[in-house]
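Okay, structure first, notes after.
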Amino acid sequence: MLDLIPSLGTWAPALAGQPFAVATIVRASGSVPRPVGTSMLVSADGAILGSLSGGCVEGAVVAAALEAMDDGATRLEAFGFSSDDAFAAGLTCGGELEVHIEPANRNRGCALGEAVRQLAGYGPDEPVALVRRLDVRPDAGGSGAVVLPDPGAIKAAGHRGLATLLESSDGTGGSEPTWRASAAQLESMLRAGTTGVLDLGGAGLCTSDAAVLVEARLAPPRLLVFGANDFSAALLPAAKPLGYLVTLVDARPAFASQARFAAADQVVTAWPHQYLAAEAAAGRVDSRTVVCVLTHDHKFDIPLLEAALALDVAFIGALGSRRSHAQRVGALLDRGILPGRIAQLHSPLGLDLGAATPAEVAVSVLAEVIAARNPAASHQPLRETSGPIHQPAAPPANAPAPTNVLQQEIAWT
């Protein structure tokens with residue numbers, strides 16, 4: 001649902017309180033086009049917002065959504081690949097989907113309808129979470145749903161709405177250990193900014209007493225680019241679609257003030273190492289932050305890399321030749337940086353794509369940033385590899401991975 005936020009503010013059926021249905025992928029196996037949490041809204045007159053598969057199953061989902069609005073019943077529809085019936089709704093990629101379809105705004109006080117209206121007020125980069133039950137709650141006018149404005153700071157035990165969602169389907173809280181375990185897993189997902197189905201009974205969506213869908217989005221991670229030059233001018237706009245809040249830093253006002261760097265969210269004129277140290281001290285650098293050093297000047301590079309290597313960040317890279325890299329390593333060793341820490345530096349920065357132009361180098365740099373997120377990435381052409389194309393994302397190092405969260409492979413087609 002969160003991916004629809006930029007469009008929710010102009011989708012009249014939800015804003016006007018008209019009946020509509022929410023169709024959401026809640027389980028997937030094999031190769032599928034979109035991940036768990038992807039939603040499509042269908043109004044009573046057939047207006048559609050969003051997509052679940054790029055066209056494979058949308059027709060059947062719309063028909064089921066219209067039926068749900070007619071009878072008020074929540075549905076769970078399954079779709080897969082059928083070689084026997086070429087005209088059956090299914091996935092050409094061979095995967096299987098389960099789509100949860102729930103009508104909204106059939107009655108006053110609909111929690112899901114109100115949640116959609118709340119989400120319409122959020123910006124595309126604001127942290128927010130939507131947590132909702134996937135079982136039918138007729139006593140509450142449908143399934144429960146809660147919008148959380150700061151998911152990273154939420155405590156389930158102290159939040160009345162979340163406590164209600166974690167109750168068993170008979171309205172009781174269940175056993176204390178079970179409730180606490182569910183609350184801990186939910187908080188872990190919220191802090192990590194992840195999306196998934198949390199099975200409250202531990203037996204799966206179809207057989208469990210209850211399940212909740214958690215969709216959480218944190219503030220965007222930062223990409224700190226140091227050095228105003230041709231390569232940073234190409235890197236800044238290329239990084240934006242990946243979801244980064246991009247900052248360009250250069251100590252030289254005449255370089256940093258050029259119009260070609262307008263794609264950056266922030267342009268700062270400051271000594272690089274001083275700026276990084278100040279941002280870290282202010283708590284604006286975290287374990288998701290990416291640092292790219294493009295300055296090509298040792299008087300900037302070495303103090304900056306020394307400061308960066310002392311921080312807990314996701315990625316530190318430095319552009320340059322192998323000769324420049326060797327000089328950097330020597331200078332860092334002279335400053336007392338341990339060899340094991342220097343080994344964490346991505347230098348020379350970028351994957352070997354044969355890149356030459358600044359635009360090509362930007363692709364090479366971002367390819368390495370993406371690959372570094374997953375230690376299982378092979379860096380090889382997909383045709384040279386086997387097995388699932390997309391591996392499940394690794395959990396944050398400081399947060400336990402929920403054991404009952406459903407995951408899937410995402411396909412391109």
Side-chain angles (χ1 to χ4, degrees), residues 125 219-280 282 284-286 288-311 313-329 331-332 344-373:
D125 293 329
R222 299 188 68 186
L223 172 63
L224 305 179
V225 180
F226 295 92
N229 51 43
D230 291 343
F231 296 102
S232 55
L235 181 61
L236 301 177
K240 291 294 292 178
L242 299 182
Y244 287 102
L245 181 71
V246 182
T247 300
L248 175 68
V249 184
D250 198 292
R252 303 159 295 183
F255 286 81
S257 61
Q258 298 178 61
R260 62 179 176 156
F261 303 122
D265 295 291
Q266 300 170 311
V267 177
V268 178
T269 302
W271 276 81
H273 70 288
Q274 294 175 355
Y275 173 81
L276 181 60
E279 290 297 284
R284 291 188 288 267
V285 173
D286 60 27
R288 302 179 298 150
T289 300
V290 172
V291 176
C292 289
V293 179
L294 312 182
T295 44
H296 291 287
D297 189 326
H298 269 36
K299 70 174 179 288
F300 295 129
D301 292 0
I302 303 307
L304 173 58
L305 289 174
E306 181 180 15
L309 288 169
L311 301 175
V313 295
F315 184 100
I316 305 170
L319 198 65
S321 66
R322 299 191 188 280
R323 180 174 179 272
S324 295
H325 170 66
Q327 292 174 340
R328 287 187 191 123
V329 170
L332 292 171
Q344 304 301 310
L345 175 63
H346 296 261
S347 174
L349 177 58
L351 293 188
D352 184 6
L353 306 179
T357 67
E360 292 172 345
V361 170
V363 174
S364 170
V365 169
L366 293 176
E368 184 173 12
V369 170
I370 294 171
R373 296 174 184 169

Take Asp286 and Thr289, measure what side chain to side chain contact (heavy atoms under 4.5 Å, CB included) needs, and give me the verdict at the end. CA-CA 6 Å; Asp286 60 27; Thr289 300; 3.4 Å; yes
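- Formation of a donor-acceptor pair under 3.5 Å by the Thr269 side chain with backbone atoms of Pro253 is not found in this model.
- With rounding to the nearest 0.5 Å, the separation of CG in Asp297 from CG in Leu304 is 11.5 Å.
- Distance check: Leu305 CG to His298 NE2 gives 9.5 Å after rounding to the nearest 0.5 Å.
- Using modelled atom types, no side-chain atom of Asp125 and backbone atom of Pro220 make a donor-acceptor pair closer than 3.5 Å.
- In terms of heavy-atom proximity, Val246 sits nearest to Ala239 at CG2-CB, 4.1 Å.
- Val249 approaches Ala270 most closely through the heavy-atom pair CG1-O, 3.7 Å.
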Set out, in order, the CA-CA distance, both residues' side-chain angles and the distance that settles side chain to side chain contact (heavy atoms under 4.5 Å, CB included) for Val369 and Tyr244, then state yes or no. CA-CA 12 Å; Val369 170; Tyr244 287 102; 3.6 Å; yes
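- Annotation: side-chain contact (heavy atoms from CB on, under 4.5 Å) contacts of Ala372 (sequence neighbours excluded): Phe315, His346.
- Here the closest heavy-atom approach between residue Val267 and residue Ala256 is recorded as CG1-O, 3.3 Å.
- Screening residues 238-261 for salt bridge (charged side-chain N to carboxylate O under 4.0 Å, His left out), with sequence neighbours left out, gives Asp230-Arg260, Lys240-Asp265, Asp250-Arg252.
- We find the CZ-CG distance between Phe231 and Leu236 to be 13.5 Å, quoted to the nearest 0.5 Å.
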The test is side chain to side chain contact (heavy atoms under 4.5 Å, CB included); show your working for Leu223 and Leu242 and say whether it passes. CA-CA 10 Å; Leu223 172 63; Leu242 299 182; over 6 Å; no
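- Ser364 and Leu353 get closest at one heavy-atom pair: CA-CD1, 3.6 Å.
- Between Leu332 and Ile302 there is a side-chain heavy-atom pair separated by less than 4.5 Å.
- Here the NE2-NZ distance, from His273 to Lys299, works out to 12.5 Å after rounding to the nearest 0.5 Å.
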Determine whether Leu349 and Leu294 satisfy the following criterion, side chain to side chain contact (heavy atoms under 4.5 Å, CB included), listing intermediate values before the conclusion. CA-CA 9 Å; Leu349 177 58; Leu294 312 182; 4.2 Å; yes
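- A donor-acceptor pair under 3.5 Å is formed between the side chain of Gln258 and the backbone N or O of Phe255.
- Partners of Glu360 by salt bridge (Lys or Arg N to Asp or Glu O under 4.0 Å), not counting sequence neighbours: none found.
- Arg222 places no side-chain N or O within donor-acceptor distance of the main-chain N or O of Thr247, the cut-off being under 3.5 Å.
- Closest non-hydrogen pair, Ala362 versus Ala238, comes out as CB-CB, 4.4 Å.
- With values rounded to the nearest 0.5 angstrom, Leu309 atom CG is found 6.0 Å from Leu345 atom CG.
- Ser347 places no side-chain N or O within 3.5 Å of a backbone atom of Gly317 that could act as its donor or acceptor partner.
- One distance of note links SG of Cys292 with CG of Leu248; it measures 11.5 Å at 0.5 Å rounding.
- Nearest heavy-atom pair across Gly227 and Ser232 is O-OG, 2.8 Å.
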